[in-house]
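The block underneath contains the structure these notes are about, expressed in structure tokens.
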Amino acid sequence: MSVQVGVDDQMTADGLEAYLSGFGMLVERENDVNGNEYSVVRDYRILHGGLAGKTCDVAIQRVSTTPYILPAAIHTRPVLVAMDGAEPLSTLASPLGPDWQYWSRRLDRPPTPQVIWTHIVTVLNDDRWKPA
Amino acid sequence: MNQQGGKGEKSIEYTVNGELQTTSERKLSVKAILEKAGFTPASEYDLTRDNGDHLFQDQDEEVPLHKGESFTATFRGPTPTS
């Protein structure tokens, strides 16, 4: 029997938006230059780690796959750290636009809304980051 | 009136990663705060008190809870690049 890691047939992009809106986050939609649609959390305040005190928008590409598979990147606006394709940062320009930053990050756990949000919080509240 | 530990008469609302939590306890262990908020197993997560940026080192530590307090839970495992 094979075990798929990082998938959950109950999870949807709409469910993630509902979860985040449910505790007061403002969630809107944006499209990138290729027409892909994203869920965008407005004005997330980073409280801990090297970027503590920064406020950013956070975007996750919406997907309609069944089972749901979280795209292996988060996007932030503004650019928070150096653009550095090498680890540990692994950041690049984002197709959402020049004021956005692409963070290459993979979620290896079954994606529930809470797991996804905690994944984002964990990435952004990391002690290792230095502001750009 | 019970001010420290045990059950009080009024519930306390606090948040973990923005999610609202409610308890009638005046103190909870770090592990209990994580587990009540759905972060299981708790050993896979760190908990930080947002006020004062205090990372709890011991999951058995009893944490006095205050109305409106907020905590951040982060995953201890890797967030690998793709």
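Any value given below was found using the heavy atoms of this structure, including those in side chains, with hydrogens, waters and symmetry copies removed. Just so it is clear: chains get the letters A, B, ... in the order the sequence lines come, proteins before strands, and each one is counted from 1.
- In terms of heavy-atom pairs under 4.5 Å with chain B, the best-connected choice from A:Thr118, A:Leu47, A:Val115 is A:Thr118.
- Under a 3.5 Å cut-off, the side chain of A:Gln114 and the backbone N or O of B:Asn17 do not form any donor-acceptor pair.
- Taken together through direct or relayed side-chain contacts under 4.5 Å among Ile, Leu, Val, Met, Phe, Trp and Tyr, A:Val123 and A:Leu92 form parts of separate hydrophobic clusters.
- Criterion: ILVMFWY side-chain heavy atoms under 4.5 Å apart, direct or through other members. Under it, B:Leu34 and A:Trp117 are not part of a common hydrophobic cluster.
- Contacts with chain A (heavy atom to heavy atom, under 4.5 Å) involve these residues of residues 67-75 of chain B, listed by number: B:Thr72, B:Ala73, B:Thr74, B:Phe75.
- A:Val58 and A:Val81 end up in the same hydrophobic cluster when Ile, Leu, Val, Met, Phe, Trp and Tyr side chains are linked at under 4.5 Å.
- Around atom CZ of A:Arg42, more than 12 heavy atoms belonging to other residues, nucleotides or ligands sit under 6.0 Å away.
- To the nearest 0.5 Å, atoms CG (B:Leu55) and CG (A:Asp127) are separated by 8.0 Å.
- A:Tyr102 and A:Tyr38 sit in two unconnected hydrophobic clusters of ILVMFWY residues. Membership requires side-chain heavy atoms under 4.5 Å apart, directly or through other members.
- Distance alone, capped at 3.5 Å, is enough to place a donor-acceptor pair between the A:Arg106 side chain and the B:Thr81 backbone.
- Taking the side chain as every heavy atom from C-beta outward, A:His48 and B:Asp50 approach each other to under 4.5 Å.
- Two different hydrophobic clusters hold A:Leu96 and A:Ile60 under the rule that ILVMFWY side chains link at heavy-atom gaps under 4.5 Å.
- More than 12 heavy atoms of other residues, nucleotides or ligands shown are found within 6.0 angstrom of CG on A:Asp14.
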How far apart are the C-alpha atoms of B:Ser82 and A:Ser104, what are their side-chain angles, what is the distance that settles it, and do they pass the side chain to side chain donor-acceptor pair (under 3.5 Å) test? CA-CA 6 Å; B:Ser82 56; A:Ser104 170; 2.6 Å; yes

